[in-house]
Amino acid sequence: MNKKYFEHIVHGGDYNPDQWLKTPEIIDEDMRLMKLANVNSATVGIFAWSAIEPREGEYHFEWFDTVLDKMAENGIDAILATPSGARPAWLAEKYPEVLRVNENGIRNEYGIRHNHCLTSPVYREKVREINRLLAERYKDHPAVKMWHISNEYSGECHCELCQQKFREWLKEYYHNDIEELNDAWWNGFWSHKLTDFSSINSPKDRGENHVVALKLCWKRFTSEQHISFLENEIAPLREITPDIPITTNYMRLYDGIDYQKMAEHLDIVSWDDYPYWDRGNNDYACCENAFNHDLFRSMKGGQPFFMMESTPSIVNWHNVNKIPRPGRTELAAMQAIAHGADSIQYFQWRKSRGSHEKFHGAVVDHCGHENTRVFREITKLGKNISKLSELTGKGYSSKVAIVLDWENMWATKFFCGYNNLKREYAKKCISWYAPFFKNGIPADIIPMDADFSEYKLVIAPFLYMLKDGTEERIKNYVANGGTFVGTYLTGVVDKNDLCFLKGLPAGELKDVFGIWAEETDSLPEGMENSAEFGGKSYSVRDMCDIIHSTDAKVLGTYEKDFYAGEPAVTENEYGNGKAYYVAFVSDDDFNSAFCKKLIEETGLKSDADFEIPAGVDVRRRGELLFILNFAPGETEILLDKEYEDFISGAKVSGKTVVPECGYLLLR
């Protein structure tokens, strides 16, 4: 759980000196400003390929040497990036196969980012070649402390190279047996039975786009191609610089790559954090952001993660780009650290003068000096971060887990049936995370094939698809004393999207839950049912299972429609544990009430021994208690005992006011 790569919290961000090579005085000024802002790190080289290799085989490293030397002289660490996210024009012109083909069969022209084929042997060779040169040149450079691989891997390619690779992947997945694939995909339907793997193409609007198993396999394949591309990138780095840790920057719940599997190939998980602050619902934004921090923390067994990008002010890609309130950047940074981040980094250090991101926020604005509100805030934050070195390397895990699984995310998106407008799998997971977040109880976010045994409580919302072994894992977990919560549409299909027969939930899960599900009703927008639980009535919307108890105790029932009086919430003792089934899409009020019961039964402990007001995030990391106020206006906390304010050293007890966008760090 604890893994330490740095002696301090990393504070810095994306730095693109290659944009300023014709004005070297600006690079010198950046060194002065970085030290002034208490910045100790910069990520360099992300989009520098054309500056390093302007023509094939012609390399210009001198400017890079100078920048890294200046960073070392000024005590600024370098996170050295590989430049594969944006290739130079000569590469695309000479080797057009490196450009992606979109699903309509047309090859993209040169431009934008991530416009590269993941399969292309040429592109893989060129990437490995320049990565090797970087590693050989800078393996002993005193500034270089970490590798940043590419930038925000994403997208897919439908070229013939990828089609052929996909067919090879399918042959391996289905043991080179086309009949096994036909059975798994239920290809007798619509006369889709295939006689050869060569007949298969990637799913697309102008071709096959209704076979869910095909779409699932394409997602798996594309995800694995990204991971394979990553492995190709890091191979020379592992060989030449085995002691330098490796990361790549994830995006918030991006569904194109199974991040949980990709994390196995990284030393540190990193993500780019761009929440929707000050746009009407900071309470939800605070919870949703905490969920993402805990998701990425959980991917390496609870060890610290990196917040690789965030904005110190505005972004440029919302329809309306609102300035966050003063103090919001510092508050958000402290939330990341509280949830396990060992870095606070920005996109970017200095604003680009031109092109697409010239109005994206940066620490140094176009004015080029330190006399701005943003620069002053970052300077203050850097000073406070510098005091938190005791936290580096300290991760943590929890005794409660929410199951969010990438393959189930794909499956719940692709199937046709029930309510096709309201699925929102990730949001359902966040809604079950929220009661623990609001009560100051840390939660891990795990895939369905994780080890459940370390948790007192596991909640698996909308677990529609079961991977091989998941049914047995749930059964053993509950039998051995665990508490498991399933919800509507649990255990409906296998990994090929084939429906389980002999009743739902699948197999022995009917015994584990003590129920069987007969039908699932779907409720149009504006139409609701309700369910009674604990003497109160709660809203039922979107989807709800009509279930029957075989052994389970009925804790709540539906109140309307022809299934009024039928079970809606059940509890079943199985072996030494318990399994609960919530048969409907629940609202926040129900989740809060139901989880309160679970918290009491399982003895889960809060990080706080005092009441937590709405909009406040409380998290303990190491010996420090973070109290973070995301609520509108100041908020009052009634502390349970005397603490020491970590920043000021003052004693704090009793009623304590935390200002808007303010926080307390208490020992």
Side-chain angles (χ1 to χ4, degrees), residues 253 255 260 284 287-288 290-292 294-295 298 398 400-415 418-419 422-438 441 443-450 452 455-467 470-471 473-474 477-478 482-493 504-506 509 512-513 515 517 520 522-523 531 533 538-545 547 555-556 568-571 578-599 602:
L253 282 169
D255 79 345
Q260 290 160 327
Y284 178 79
C287 177
E288 192 257 0
F291 176 90
N292 278 276
D294 286 337
L295 168 67
S298 300
S398 175
V400 57
I402 311 296
V403 174
L404 181 145
D405 188 279
W406 252 257
E407 293 198 32
N408 192 54
M409 186 170 7
W410 300 332
T412 58
K413 179 180 178 181
F414 291 151
F415 78 80
Y418 307 120
N419 192 327
K422 288 281 191 175
R423 303 282 176 78
E424 299 175 316
Y425 171 64
K427 284 190 175 181
K428 301 301 186 292
C429 294
I430 294 170
S431 73
W432 281 99
Y433 168 88
F436 302 96
F437 166 80
K438 292 175 182 178
I441 298 172
D444 290 350
I445 318 297
I446 62 174
M448 71 173 82
D449 43 10
F452 298 158
Y455 299 101
K456 292 182 177 181
L457 172 64
V458 175
I459 301 177
F462 196 2
L463 195 62
Y464 164 80
M465 182 186 75
L466 300 182
K467 296 178 185 175
T470 302
E471 176 192 333
R473 189 175 296 107
I474 295 170
Y477 169 72
V478 178
T483 299
F484 190 90
V485 179
T487 73
Y488 62 96
L489 292 177
T490 288
V492 178
V493 300
L504 300 176
L509 291 185
V512 174
F513 289 110
I515 59 107
T520 299
S522 299
L523 304 176
F533 171 77
Y538 296 95
S539 170
V540 170
R541 54 187 171 80
D542 300 340
M543 288 182 284
C544 50
D545 288 346
I547 65 174
L555 302 181
V569 185
T570 61
E571 172 190 318
K578 286 184 179 180
Y580 291 90
Y581 199 89
V582 178
F584 55 92
V585 176
S586 49
D587 61 14
D588 291 344
D589 289 342
F590 172 82
N591 286 1
S592 294
F594 184 68
C595 289
K596 181 180 179 182
K597 166 185 169 64
L598 298 175
I599 291 167
T602 55

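Throughout, numbering of the chain's residues begins at 1 and tracks the sequence.
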Novice: Hey, is the main chain of A460 close enough, under 3.5 Å, to the side chain of W432 for a donor-acceptor pair?
Specialist: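 Looks like no, no N/O pair under 3.5 Å.
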Novice: Of all heavy-atom pairs between P447 and F452, which one has the smallest distance, and what is that distance?
Specialist: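 That would be O-CE2, 4.2 Å.
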Novice: Could you check whether any side-chain N or O of S298 sits under 3.5 Å from a backbone N or O of D444, counting only pairs where one atom can act as donor and the other as acceptor?
Specialist: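 Checking the backbone N and O of D444 against the side chain of S298, no donor-acceptor pair under 3.5 Å is found.
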Novice: Is the closest side-chain heavy-atom distance between F590 and V540 below 4.5 Å?
Specialist: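 SC-SC contact between F590 and V540 ruled out.
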Novice: So, using side chain to side chain contact (heavy atoms under 4.5 Å, CB included) as the criterion, who are the partners of T602 when residues are at least two apart?
Specialist: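 Side chain to side chain contact (heavy atoms under 4.5 Å, CB included) list for T602, sorted by chain: K456, L457, T483, L604.
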Novice: Among residues at least two apart in sequence or on other chains, which ones pass side chain to side chain contact (heavy atoms under 4.5 Å, CB included) with A583?
Specialist: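 Per chain and number, A583 pairs via side chain to side chain contact (heavy atoms under 4.5 Å, CB included) with D545, I547, Y558, Y581.
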Novice: Mind checking whether Y433 and D294 have side chains closer than 4.5 Å, heavy atoms only?
Specialist: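 Result yes, sub-4.5 Å side-chain heavy-atom pair found.
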Novice: What closest approach, in Å, do D255 and W410 show between heavy atoms, and which atom pair accounts for it?
Specialist: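 In terms of heavy atoms, the two residues are closest at O-NE1, 2.6 Å.
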Novice: Determine, step by step, whether V585 and L523 satisfy the side-chain contact (heavy atoms from CB on, under 4.5 Å) criterion, reporting the C-alpha distance in whole Å, the side-chain angles of both residues, the deciding distance to 0.1 Å, and the verdict.
Specialist: CA-CA 10 Å; V585 176; L523 304 176; over 6 Å; no
Novice: Just wondering, do L295 and L253 contact through their side chains at under 4.5 Å, heavy atoms?
Specialist: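 Yes - at least one pair of side-chain heavy atoms lies under 4.5 Å apart.
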Novice: In residues 401-409, what donor-acceptor pairs under 3.5 Å come from side-chain atoms, sequence neighbours left out?
Specialist:
from : atom 1 : to   : atom 2 : distance (Å)
D405 : OD1    : E407 : N      : 3.0
D405 : OD1    : N408 : N      : 3.3
D405 : OD1    : K467 : NZ     : 3.4
D405 : OD2    : M448 : N      : 3.0
D405 : OD2    : K467 : NZ     : 2.9
W406 : NE1    : Y254 : O      : 2.9
W406 : NE1    : I257 : O      : 2.8
E407 : OE1    : R220 : NE     : 2.7
E407 : OE1    : R220 : NH2    : 3.0
E407 : OE2    : K261 : NZ     : 3.4
N408 : OD1    : Y464 : N      : 3.3
N408 : OD1    : M465 : N      : 2.9
N408 : ND2    : Y425 : OH     : 3.4
N408 : ND2    : F462 : O      : 2.9

Novice: Does some side-chain heavy atom of S586 sit less than 4.5 Å from a side-chain heavy atom of F594?
Specialist: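 A side-chain contact under 4.5 Å is absent here.
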Novice: Distance alone, cut at 3.5 Å: any donor-acceptor contact between the side chains of Y488 and D542?
Specialist: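 Note: Y488 and D542 side chains miss the donor-acceptor criterion.
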Novice: Could you report the tightest heavy-atom contact between I446 and Q260, atom names first, then the distance?
Specialist: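 Scanning both residues, the minimum pair turns out to be C-NE2, 3.7 Å.
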Novice: Any chance you could lay out the side-chain contact (heavy atoms from CB on, under 4.5 Å) test for I459 and F436, step after step, and finish with the verdict?
Specialist: CA-CA 11 Å; I459 301 177; F436 302 96; 3.6 Å; yes
Novice: Who are the salt bridge (Lys or Arg N to Asp or Glu O under 4.0 Å) partners of K427, not counting sequence neighbours?
Specialist: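 K427 satisfies salt bridge (Lys or Arg N to Asp or Glu O under 4.0 Å) with E424 only.
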Novice: Decide if the gap between the ring center of Y538 and the ring center of F584 is smaller than 6.0 angstrom.
Specialist: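 Centroid distance Y538-F584: not below 6.0 Å, so no.
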Novice: Counting distance only, does the side-chain N/O of S522 pair as donor-acceptor with the main-chain N or O of N419 below 3.5 Å?
Specialist: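 Side chain of S522 to backbone of N419, a donor-acceptor pair under 3.5 Å: yes, one is there.
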Novice: Heavy atoms, side chains only, cut-off 4.5 Å: are K597 and L555 in contact?
Specialist: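 With C-beta onward as the side chain, the pair touches.
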Novice: Output the distance between atom CD (E571) and atom CG (L598), rounded to the nearest 0.5 Å.
Specialist: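 One gets 9.0 Å once the value is rounded to the nearest 0.5 Å.
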Novice: Please enumerate all residues that pass side chain to side chain contact (heavy atoms under 4.5 Å, CB included) together with D588, with sequence neighbours excluded.
Specialist: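 For D588 the side chain to side chain contact (heavy atoms under 4.5 Å, CB included) partners, ignoring immediate neighbours, are S431.
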Novice: Looking only at non-hydrogen atoms, find the nearest pair between R473 and D449 and report the distance.
Specialist: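 The pair with the smallest heavy-atom distance is NH1-CA, 3.4 Å.
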Novice: Which residues satisfy the ring-ring contact (aromatic ring centres under 6.0 Å, His included) test with Y455, sequence neighbours excluded?
Specialist: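 ring-ring contact (aromatic ring centres under 6.0 Å, His included) list for Y455, sorted by chain: empty.
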Novice: Check whether any side-chain heavy atom of F437 lies under 4.5 Å from a side-chain heavy atom of I430, and answer yes or no.
Specialist: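 Sidechains of I430 and F437: no contact.
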Novice: Tell me, do I441 and P435 make a side-chain contact under 4.5 Å, heavy atoms counted?
Specialist: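 Not in contact.
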Novice: For K596, I'd like to know if atom NZ has over 12 heavy atoms of other residues, nucleotides or ligands within 6.0 Å.
Specialist: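 Incorrect, the count does not exceed 12.
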Novice: Honestly, is R423 close enough over F415, meaning NZ or CZ under 6.0 Å from the six-membered ring centre and within 45° of the axis?
Specialist: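 So R423 does make the cation-pi contact.
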